[in-house]
K.L.:
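Have a look at the structure that comes next, please.
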Amino acid sequence: MKYTQLGRTGLKVSRLVLGTMNFGPQTDEAESHAIMDAALDAGINFFDTANVYGWGENKGRTESIIGNWFAKGGGRRDKVVIATKVYGNMGTDGEVWPNHDKLSAVNIRRAVDASLKRLQTDHIDLYQFHHIDRATPFEEIWQAIDVLIQQGKIIYVGSSNFPGYKIAQANELAARRGGTIGLVSEQCLYNLYERRAEMEVIPAAQDYGLGVIPWSPLHGGLLGGVLKKQAEGGRRASGRAAETLQDPAARAKIQAYEDLADKHGLEPGELALAWLLTRPGVTGPIVGPRTAEQLTSALRAAELELSEELLAGLDEIFPGPGPSPEAFAW
């Protein structure tokens with residue numbers, strides 16, 4: 001496994017990030033623990049989760065599964081950089097009780113303590129804002145974060161799903177206040193099919209020294225060989241992938257992509273991950289395996305070397321938007 005620094009920090013993290021969103025809803029605890037063991041054995045030291053994972057009445061379940069794995073000992077916690085998130089409402093009864101979601105100082109404090117308890121740890125390595133909070137000023141957010149850092153409950157702070165201008169706002173204010181070093185990472189939707197982050201989010205992250213952590217690297221399975229699987233009678237597309245394939249032009253792009261991967265003797269899903277590892281500013285994509293076999297496929301992707309010819313072919317099928325402001329100015 002290869003490692004890199006997380007943004008401008010001294011923290012070393014693996015170039016693949018283990019996503020845990022499926023732990024609980026789709027993968028039971030025993031299999032989840034087996035996947036985490038396999039990831040650690042392969043050198044993956046960067047695990048990502050969120051307080052809301054588990055969803056519905058099981059919100060928090062994913063963090064609890066990870067906490068039970070940490071509790072097994074064997075140096076598991078010390079070897080892992082654990083990242084979790086705050087923003088979503090944690091009520092399990094359908095009620096959105098005031099101050100139990102978003103990024104107020106009150107909710108941040110409550111959410112950190114609840115995550116620590118579920119994760120069975122005394123600190124969170126990377127605490128991420130899952131979404132912007134339009135109602136809470138960054139002055140309040142950074143004040144809350146400063147206290148948590150001083151208490152040793154969190155070490156670094158990152159963002160998720162932030163636009164470029166909010167990354168700039170957050171870090172400019174952090175610099176003026178002193179104390180915290182500000183955001184050190186941005187977790188965003190970014191893959192071959194969805195490249196809009198290249199316009200402003202990724203340039204902002206690079207300018208401010210944030211590591212970029214792409215989520216949904218296969219765009220909901222769209223880039224994982226979905227047409228080939230359908231033709232062979234395998235699992236049919238669902239969610240974002242199924243919706244996209246209803247567009248004939250999009251379907252033709254995916255077919256061209258799968259044909260290009262086949263021409264080079266590569267699996268589409270592995271190619272999509274390998275492409276992200278070539279992108280400027282990317283720390284590592286989040287892979288969210290439901291099974292140990294899916295983790296093995298992701299590990300193969302980390303070893304691929306893509307030729308200039310293949311990269312050019314990918315750009316032809318999925319051209320990026322270009323930099324801002326040229327992408328929308330002329």
Side-chain angles (χ1 to χ4, degrees), residues 2 15-19 21-22 26-27 35 39 42 44 187-199 202 212-322 327:
K2 297 176 182 177
R15 296 223 62 203
L16 289 179
V17 184
L18 182 69
M21 189 169 66
N22 290 320
Q26 297 192 47
T27 307
I35 290 172
I44 296 177
Q187 189 177 129
C188 59
L189 175 61
Y190 182 39
N191 54 55
L192 267 169
Y193 191 85
E194 176 51 83
R195 295 179 61 171
R196 285 179 293 178
E198 294 176 356
M199 287 177 63
I202 293 175
V212 175
I213 308 168
W215 62 266
S216 196
L218 303 187
H219 206 63
L222 187 70
L223 300 169
V226 62
L227 296 180
K228 180 180 179 181
K229 291 174 183 176
Q230 286 184 359
E232 294 174 349
R235 186 182 180 192
R236 298 188 65 80
S238 60
R240 183 184 295 118
E243 183 179 335
T244 303
L245 288 175
Q246 292 177 5
D247 178 0
R251 190 180 187 91
K253 281 190 173 187
I254 298 304
Q255 186 63 67
Y257 169 66
E258 293 189 14
D259 290 345
L260 180 64
D262 187 61
K263 174 184 174 183
H264 289 266
L266 300 173
E267 290 296 324
E270 295 171 15
L271 175 55
L273 287 173
W275 177 82
L276 278 171
L277 290 170
T278 71
R279 304 308 299 164
V282 168
T283 297
I286 296 173
V287 296
R290 294 186 303 274
T291 65
E293 290 75 18
Q294 291 178 343
L295 175 62
T296 299
S297 176
L299 291 170
R300 288 195 297 267
E303 302 301 320
L304 293 178
E305 295 289 340
L306 306 185
S307 67
E308 291 299 322
E309 176 193 359
L310 178 51
L311 290 171
L314 292 172
D315 278 337
E316 186 175 342
I317 298 170
F318 302 113

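Positions are given from 1 along the sequence.
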K.L.:
Mind checking whether I35 and L18 have side chains closer than 4.5 Å, heavy atoms only?
P.N.:
yes
K.L.:
Measure the CG-CG distance between L306 and L271 for me, rounded to the nearest 0.5 Å.
P.N.:
6.0 Å
K.L.:
I'd like to know if the side chain of N22 reaches the main chain of T27, judged simply by a donor and an acceptor atom lying under 3.5 Å from each other, with no hydrogens or angles considered.
P.N.:
no
K.L.:
Side chains of residues 239-254: which donor-acceptor partners sit under 3.5 Å, not counting sequence neighbours?
P.N.:
from	atom 1	to	atom 2	distance (Å)
R240	NH1	S216	OG	3.0
T244	OG1	R240	O	2.8
D247	OD1	A249	N	3.1

K.L.:
Minimum heavy-atom separation for P321 to R196, with atom names?
P.N.:
CG-CA, 4.1 Å
K.L.:
According to salt bridge (Lys or Arg N to Asp or Glu O under 4.0 Å), does anything in residues 290-308 pair up with another residue at least two apart or in another chain? List the pairs.
P.N.:
K2-E305, E270-R300
K.L.:
Can you list every ring pair (Phe, Tyr, Trp, His ring centres under 6.0 Å) pair that touches residues 295-316, not counting sequence neighbours?
P.N.:
none
K.L.:
Can you name the closest pair of heavy atoms from L218 and G269 and give their distance?
P.N.:
CD2-O, 3.5 Å
K.L.:
Taking the six-membered ring for Trp and the single ring otherwise, decide whether the centroids of W275 and Y190 are under 6.0 Å apart.
P.N.:
yes
K.L.:
Suppose the criterion is salt bridge (Lys or Arg N to Asp or Glu O under 4.0 Å): which pairs have a residue in residues 218-233, not counting sequence neighbours?
P.N.:
none
K.L.:
Under the side-chain contact (heavy atoms from CB on, under 4.5 Å) test, which residues partner A42, sequence neighbours left out?
P.N.:
L299
K.L.:
Check salt bridge (Lys or Arg N to Asp or Glu O under 4.0 Å) between E316 and all other residues, then give those that pass, not counting sequence neighbours.
P.N.:
none
K.L.:
What closest approach, in Å, do P289 and L295 show between heavy atoms, and which atom pair accounts for it?
P.N.:
CB-N, 3.7 Å
K.L.:
Testing the basics here: between R15 and V282, what is the closest heavy-atom pair and its distance to 0.1 Å?
P.N.:
NH2-O, 2.8 Å
K.L.:
Contact between P285 and L277 at the side-chain level, heavy atoms closer than 4.5 Å - yes or no?
P.N.:
yes
K.L.:
Atom CG of L273 and atom CG of L16: how far apart are they, to the nearest 0.5 Å?
P.N.:
7.0 Å
K.L.:
Could you state the interatomic distance from CG (L276) to CD1 (I213), rounded to the nearest 0.5 Å?
P.N.:
12.5 Å
K.L.:
Hey, what do you get for CG (L227) to CD (E258), rounding to the nearest 0.5 Å?
P.N.:
4.5 Å
K.L.:
Evaluate the side-chain proximity of P214 to V17: yes if any heavy-atom separation is below 4.5 Å, no if none is.
P.N.:
no
K.L.:
Hey, what's the ring geometry for Y193 with F318, parallel, tilted or perpendicular (30° and 60° as the breaks)?
P.N.:
perpendicular
K.L.:
Between N191 and P217, which heavy-atom pair has the shortest distance, and what is it?
P.N.:
CB-O, 3.2 Å
K.L.:
With rounding to the nearest 0.5 angstrom, report the OG1 to CG distance, T278 to L311.
P.N.:
5.0 Å
K.L.:
Which pair of heavy atoms, one from A274 and one from A301, lies closest together, and at what distance?
P.N.:
CB-O, 3.7 Å
K.L.:
Would you give the length of the straight line joining atom CG of D315 to atom CZ of R195, rounded to the nearest 0.5 angstrom?
P.N.:
5.0 Å
